[in-house]
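Have a look at the structure below before the remarks.
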2 protein chains.
Amino acid sequence: MGQSGRVDRVERAARGGAEATVTPTTRRRDARRSRERLLAAAAELFAERGYAGTSLRAVAERAGVDAALVARYYGGKDGLYRAVLAADPVVSPVVDESDEGHEADDEARRRAADELAGLLARMVDRWENGPATTVGQNVFRCDLDDAAAAATAERVGERVLPLLRAAAEPPGGPDSELRAELATVVLLGIGVARTAGTLPALAAADPEELGVYARALLDTVLGRR
Amino acid sequence: MGQSGRVDRVERAARGGAEATVTPTTRRRDARRSRERLLAAAAELFAERGYAGTSLRAVAERAGVDAALVARYYGGKDGLYRAVLAADPVVSPVVDESDEGHEADDEARRRAADELAGLLARMVDRWENGPATTVGQNVFRCDLDDAAAAATAERVGERVLPLLRAAAEPPGGPDSELRAELATVVLLGIGVARTAGTLPALAAADPEELGVYARALLDTVLGRR
DNA sequence: AAGCGATGTCATCGTACGATGACATCGCCG
DNA sequence: CGGCGATGTCATCGTACGATGACATCGCTT
């Protein structure tokens, strides 16, 4: 609404030759920009309304782009959804797993604790500022086709589980996988339920305070008393 | 499939006058039976595929009933969905709240502990046998219209929260509402994520063992060390 | 047995959706 | 500046859906 379909063409001349030749950000026809806007709009709408509840026309309208471009750039609704899942940060930064096993046990343990604290801090930040990610929501979705479920599992498996697994006490102990997944349920569940808004006190709670409870729950399930 | 549309008409004569006049279970045309089958099929499909992903034709087919009857008995898709939510047990038995405040503090506390244990046992049983309920799933759904969200909140508020609130330690203490809702996230989240199947170890875990972890998590968040 | 309300069946309407291909317009390169 | 690929726009197709009303059939009541 507002934003009358046609974008401003004013700054057309502003495209001096100065900018990097590879990203001419101010082009009237810019496939990259169109793709990005489609992806961003789709991420929002899929998160808000789910897959079946989201129409490509609605995505295109929010992106300020023609719906036919979805077919061109993502092959169709499925492809767009897969792209959204692939680009979903789940929780902001990428977990760096490049080095493992190169350090002493206690150092590894301390580092795991630090990373757990970092993960929790990022979750709290997300609870304050943003809605639950599509991947996070999908962990609690029973109406997923196989492809979406696989993409979701892969995303959680690479962005969340390793960190929680490493923080389990003892690391690699019995049930460490189950413990990590239970911790995932707690962490993501709080955020998703908060976004859903069905639990009023949870939706209204101060994220910092939620973080305290989440921390206690994590310590319990991960075996760190 | 199988079940070629037409149901057996064989036992038609079996309707002896012996049965209760009010429930002639063996009638060829039985609105009550049709309503129930529609409701059951709808509960399954809404849980499996969500609201937007479920078509009335699919519901009618699973129920072995004509789709037009949905309009007759439930007014439409919305009405059918509301009926499903209203009939959703969430967790099997009804919480009996008829008497409160009539007992000494310690007795009330003991009773709350008993009921918490009962709730957990029922949840474990549900994890073993059944899929997550629609209401349970809705707690983690961000794509709900207001009516569905309200119905879900009401259902959780009357069937789950009171019990957890009473079990919080100290009862009625600070954050007791938030604590109860966090406990709800844990209890329902485990079941829903299990049904979703995105977390493999959780999906494969023994429900009894899950119950142990859930108990520890509940004790943590409810303040009963 | 007759009549009438309850129940089930069928055909169809209007709409929204995803997909597709033809066409228009742009911007870069020679 | 002229052509050509890239990008955007538009019209339209086929399908599935929810809803509705007309009609057929049943079964209870009298």
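Residue numbers start from 1 in every chain, and the chains themselves are labelled A, B, ... in the order their sequence lines are given, proteins ahead of strands.
- Here E154(A) pairs with nothing under the salt bridge (charged side-chain N to carboxylate O under 4.0 Å, His left out) rule; sequence neighbours left out.
- With sequence neighbours excluded, no residue satisfies salt bridge (charged side-chain N to carboxylate O under 4.0 Å, His left out) with E209(B).
- Y73(B) pairs by the ring pair (Phe, Tyr, Trp, His ring centres under 6.0 Å) definition with nothing, not counting sequence neighbours.
- Distances shorter than 4.0 Å separate some side-chain N or O of S34(B) from OP1 or OP2 on dG8(C).
- The list of salt bridge (Lys or Arg N to Asp or Glu O under 4.0 Å) pairs with a residue in residues 47-58 of chain B, not counting sequence neighbours, reads E48(B)-R62(B).
- Judged as a side chain to side chain donor-acceptor pair (under 3.5 Å), and not counting sequence neighbours, T134(A) has no contacts.
- The pair R32(A)-D30(A) does not count as a salt bridge, with every side-chain nitrogen at least 4.0 angstrom from each carboxylate oxygen.
- Judged purely by atom type and a 3.5 angstrom limit, S176(A) has no side-chain atom pairing as donor or acceptor with the backbone of R165(A).
- Remark: P of dC28(C) and CG of D30(A) are 10 Å apart, rounded to the nearest angstrom.
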(message) Walk along nucleotides 14-20 of chain C from 5' to 3' and tag each nucleotide B, S or - by protein heavy-atom contact under 4.0 Å, base first, then sugar-phosphate.
(response) ---BBBB

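- Residues from residues 39-48 of chain A lying near DNA chain D, meaning a heavy-atom separation below 4.0 Å, are absent.
- Fit an axis to the five pairs at each end of the helix from dA1(C)-dT30(D) to dG30(C)-dC1(D) and the two axes sit 0° apart, to the nearest 10 degrees.
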Check: residues 181-204 of chain A side-chain donor-acceptor pairs under 3.5 Å, at least two apart:
{"residue": "E181(A)", "atom": "OE1", "partner": "A201(B)", "partner atom": "N", "Å": "2.9"}
{"residue": "E181(A)", "atom": "OE1", "partner": "L202(B)", "partner atom": "N", "Å": "2.5"}
{"residue": "E181(A)", "atom": "OE2", "partner": "A201(B)", "partner atom": "N", "Å": "3.1"}
{"residue": "T184(A)", "atom": "OG1", "partner": "A180(A)", "partner atom": "O", "Å": "2.9"}
{"residue": "R194(A)", "atom": "NH1", "partner": "L202(A)", "partner atom": "O", "Å": "3.0"}
{"residue": "R194(A)", "atom": "NH1", "partner": "A203(A)", "partner atom": "O", "Å": "3.2"}
{"residue": "R194(A)", "atom": "NH1", "partner": "A205(A)", "partner atom": "O", "Å": "3.1"}
{"residue": "R194(A)", "atom": "NH2", "partner": "W127(A)", "partner atom": "O", "Å": "3.3"}
{"residue": "T195(A)", "atom": "OG1", "partner": "A132(A)", "partner atom": "N", "Å": "3.0"}
{"residue": "T195(A)", "atom": "OG1", "partner": "G191(A)", "partner atom": "O", "Å": "3.1"}

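- Annotation: side-chain hydrogen bond (donor to acceptor under 3.5 Å, both in side chains) contacts involving residues 74-83 of chain A, sequence neighbours excluded, comprise Y51(A)-D78(A), Y81(A)-N138(A).
- R37(A) places its CZ atom 16 Å from the C1' atom of dT7(D), with the value rounded to the nearest Å.
- Rounding to whole angstrom units, CZ of residue R35(A) and C1' of dA6(D) are separated by 11 Å.
- Straight-line distance from the CG atom of D66(B) to the P atom of dT9(C): 6 Å, rounded to whole Å.
- Atom CG in L69(A) sits roughly 17 Å away from atom P in dA22(C) (whole-Å rounding).
- Evaluation of the ring pair (Phe, Tyr, Trp, His ring centres under 6.0 Å) rule for F140(A) yields F140(B) as partners, not counting sequence neighbours.
- Summarising the geometry, the separation between CZ on R32(A) and P on dT7(D) is reported as 12 Å, rounded to the nearest angstrom.
- Contacts of Y213(A) classified as ring pair (Phe, Tyr, Trp, His ring centres under 6.0 Å), with partners at least two apart in sequence or in another chain: none.
- Look at CZ on R29(A): it is 8 Å from C1' on dA6(D), rounded to the nearest Å.
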